[in-house]
2 protein chains.
Amino acid sequence: MAKQTRGGTLPTEVPGAPVRAPLTHDRIIATAIELIEREGAQALSMRRIGAELGVAAMSLYNHVPGKEAVLDGIADRILGGLEVDPAPEADWRDRARRLAHAFRAAAHRHPRSMSVVLSRSMIWTRRLPVIEQMLAIAEQAGFRGRTAVQVMRTFMAYVIGTLMNEANTAATLRQIAEERRRVAELVDPKAFPHVVGAARELLHPDYDADFDFGLDLLIGAIESLPRT
Amino acid sequence: MAKQTRGGTLPTEVPGAPVRAPLTHDRIIATAIELIEREGAQALSMRRIGAELGVAAMSLYNHVPGKEAVLDGIADRILGGLEVDPAPEADWRDRARRLAHAFRAAAHRHPRSMSVVLSRSMIWTRRLPVIEQMLAIAEQAGFRGRTAVQVMRTFMAYVIGTLMNEANTAATLRQIAEERRRVAELVDPKAFPHVVGAARELLHPDYDADFDFGLDLLIGAIESLPRT
DNA sequence: CTCCTTCCGCTTACGGCGTAAGTCGCTGAG
DNA sequence: CTCAGCGACTTACGCCGTAAGCGGAAGGAG
């Protein structure tokens with residue numbers, strides 16, 4: 001059915017057929033990410049990835065030990081795109097802002113995959129560069145020891161929490177758009193007066209502005225903290 | 001095999017056997033939560049829940065439309081335990097702290113289930129009471145309109161992000177304890193000097209203190225924000 | 001007391017999942 | 001030219017969620 005460059009059994013090559021690119025770890029991960037972005041996380045299966053690549057499911061196991069490894073590979077790929085620290089000598093506030101924005105930009109490039117990455121626990125290895133960078137920034141800001149770690153943790157918590165909230169909000173708004181009727185019933189103005197009052201702002205979030213609002217708030221607070 | 005109170009077919013009741021409690025929505029959800037806490041999220045299946053209750057998998061469908069509904073039920077149950085606002089007249093800072101602590105306490109009561117709840121998107125209904133409460137607190141603090149929403153979002157982001165980080169950290173530390181060898185290789189002091197320098201603090205986190213550190217930082221920052 | 005509706009747990013079956021095991025054509029080294 | 005081994009293949013197993021339909025027990029109606 002397709003010509004091959006090397007190895008493999010059937011289907012035997014057909015002269016006029018296009019050459020099929022060789023299967024590699026990278027191509028598998030890239031295809032997995034595409035698939036998640038296009039059809040959602042629950043559509044990801046070894047069989048589907050294989051189909052997408054024109055290959056049998058088990059062929060993937062020649063390049064990847066299992067599905068878990070595919071998920072790890074996705075995390076690697078997505079978090080790997082932002083490890084650079086372009087200006088280690090700049091003001092720590094700028095560095096912090098830049099790191100947060102880089103993380104968020106990566107999330108927005110692959111939103112559905114990022115959800116998968118964030119909800120997997122065992123990937124501390126992949127986050128290590130980000131942790132290192134944030135710790136360096138905390139030290140540059142004048143914090144040491146436990147306080148530096150706490151500053152780092154607080155900052156990371158805000159960034160990750162915001163990304164989860166954004167994904168959540170986007171999904172929620174999509175769902176609300178589909179079934180306006182039931183929403184009106186569910187959100188009783190008596191039970192949720194403030195939610196109804198702020199409906200306009202809740203329904204039309206300015207993600208960028210909201211992110212920077214909290215980010216600046218946090219950086220300002222860290223700045224005016226006593227040094228250790 | 002087991003005596004029944006009402007209805008059902010085989011196995012026909014055996015006189016001496018213990019009475020089996022009737023299947024209900026609540027018992028199904030409770031069993032699902034127990035199962036997740038005991039064996040992890042990937043152990044949760046309709047068949048396993050059934051087995052745990054001494055019942056066939058399909059019997060669950062008389063009380064629950066499907067697995068998604070079970071997951072929703074878990075979210076309801078866990079987030080439902082903290083809706084109270086015991087002192088609506090208290091200082092907004094205390095109310096905010098109390099809300100954050102209540103959320104976190106619920107998370108620690110069912111840590112693995114909370115991970116599942118947090119990584120599901122479509123459950124805005126269940127979070128509505130928390131959002132309402134936090135919006136009320138923001139208004140009490142003197143914020144209106146978009147700013148109130150931004151304060152609420154920032155606050156929620158921090159809380160949720162911290163919970164995810166805690167779950168992550170716990171899993172990471174467990175894993176590190178198992179394979180100290182590979183960790184030493186992976187964490188190169190040249191590449192991650194700050195991580196290695198803060199190893200003691202990173203490996204022995206004080207979750208409560210860390211949470212309050214960021215919480216107070218954030219509340220203080222919100223307090224000194226100009227009002228709208 | 002009898003009948004009959006309704007409830008509810010049961011069995012069976014289907015398509016899809018991750019993956020262990022084994023087959024075999026092609027390629028490049030000797 | 002031979003042949004080792006790489007890499008894609010097929011097959012099969014035990015899971016999964018769930019659609020469809022069965023049948024016994026409980027309890028109201030006559």
Side-chain angles (χ1 to χ4, degrees), chain A residues 1-15 17-29 31-32 35-36 39-74 116 120, chain B residues 1-15 17-29 31-32 35-36 39-74 116 120:
Chain A
M1 188 169 277
K3 193 174 177 182
Q4 303 172 221
T5 49
R6 187 182 177 280
T9 40
L10 288 172
T12 320
E13 52 189 285
V14 176
V19 178
R20 181 168 57 181
L23 209 49
T24 63
H25 182 98
D26 276 5
R27 290 216 318 137
I28 292 172
I29 303 300
T31 306
L35 189 55
I36 291 180
E39 306 192 22
Q42 82 284 348
L44 186 79
S45 77
M46 299 303 270
R47 286 164 154 91
R48 285 285 274 118
I49 297 174
E52 214 78 13
L53 287 164
V55 139
M58 288 309 292
S59 302
L60 303 175
Y61 285 81
N62 286 316
H63 304 269
V64 146
K67 195 187 185 183
E68 287 290 289
V70 173
L71 264 10
D72 283 351
I74 293 175
V116 174
R120 285 177 58 73
Chain B
M1 186 169 280
K3 193 173 176 183
Q4 303 171 220
T5 50
R6 190 182 176 279
T9 40
L10 286 172
T12 320
E13 52 188 286
V14 177
V19 178
R20 181 169 57 181
L23 208 50
T24 64
H25 182 97
D26 276 4
R27 291 218 315 140
I28 292 172
I29 303 300
T31 305
L35 189 55
I36 291 180
E39 307 191 22
Q42 83 284 345
L44 187 78
S45 78
M46 298 303 270
R47 286 164 153 88
R48 286 286 273 116
I49 298 174
E52 214 78 13
L53 288 164
V55 141
M58 288 310 291
S59 301
L60 303 175
Y61 285 80
N62 285 315
H63 303 269
V64 146
K67 194 187 187 184
E68 287 289 289
V70 173
L71 264 11
D72 283 351
I74 292 175
V116 174
R120 285 176 59 73

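To find a chain, count down the sequence lines: A is the first, B the second, and so on, and within it residues start at 1.
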Of all pairs that satisfy salt bridge (Lys or Arg N to Asp or Glu O under 4.0 Å), the ones with a partner from residues 53-70 of chain A, not counting sequence neighbours: A/E68-A/R120

- request: Measure from the side-chain heavy atoms of B/Y61 and tell me the nearest of D/dT18, D/dA8, C/dT19.
  value: D/dT18

task: Could you tell me whether the phosphate oxygens of C/dC8, OP1 or OP2, come under 4.0 Å of any side-chain nitrogen or oxygen in B/S59?
output: no

Value in whole Å for how far the P atom of C/dC8 lies from NE2 of B/H25: 15 Å

task: Mind checking side-chain contact (heavy atoms from CB on, under 4.5 Å) for B/N62 and listing every partner two or more places apart, or none if nothing turns up?
output: none

task: Take the protein atom CD1 of B/I28 and the nucleotide atom P of D/dT18, then report the distance between them rounded to whole Å.
output: 13 Å

- line: Applying side chain to side chain donor-acceptor pair (under 3.5 Å) to B/R48 and not counting sequence neighbours gives B/E39, B/E52

field: Residue pair A/L60 / A/L53, side-chain heavy-atom distance below 4.5 Å
entry: yes

- request: Would you kindly give the CG-to-P distance between A/N62 and C/dT23, to the nearest whole Å?
  value: 16 Å

task: Identify, with sequence neighbours excluded, every residue that meets side-chain contact (heavy atoms from CB on, under 4.5 Å) alongside A/A69.
output: A/V64, A/P65

message: Using heavy-atom distances to pick each residue's nearest nucleotide on DNA chain D, tell me which of B/K67 and A/A57 is more 5'.
response: A/A57

Pairs flagged by salt bridge (Lys or Arg N to Asp or Glu O under 4.0 Å) wherever residues 55-64 of chain B is involved - sequence neighbours left out: none

- prompt: Roughly, in whole Å, what's the span from CG in A/L60 to C1' in C/dA20?
  reply: 15 Å

- prompt: Between A/H63 and D/dA8, is there a side-chain N or O to OP1/OP2 distance below 4.0 Å?
  reply: yes

- request: For DNA chain D, determine which residues of residues 43-51 of chain A have any heavy atom closer than 4.0 angstrom to one of its atoms, and list them numerically.
  value: A/R47

message: Quick check for you: among C/dG9, C/dA20, D/dT18, whose closest atom lies nearest to any side-chain atom of B/M58?
response: D/dT18

- request: In whole angstrom, give the distance that lies between atom CD of B/Q42 and atom C1' of C/dT19.
  value: 16 Å

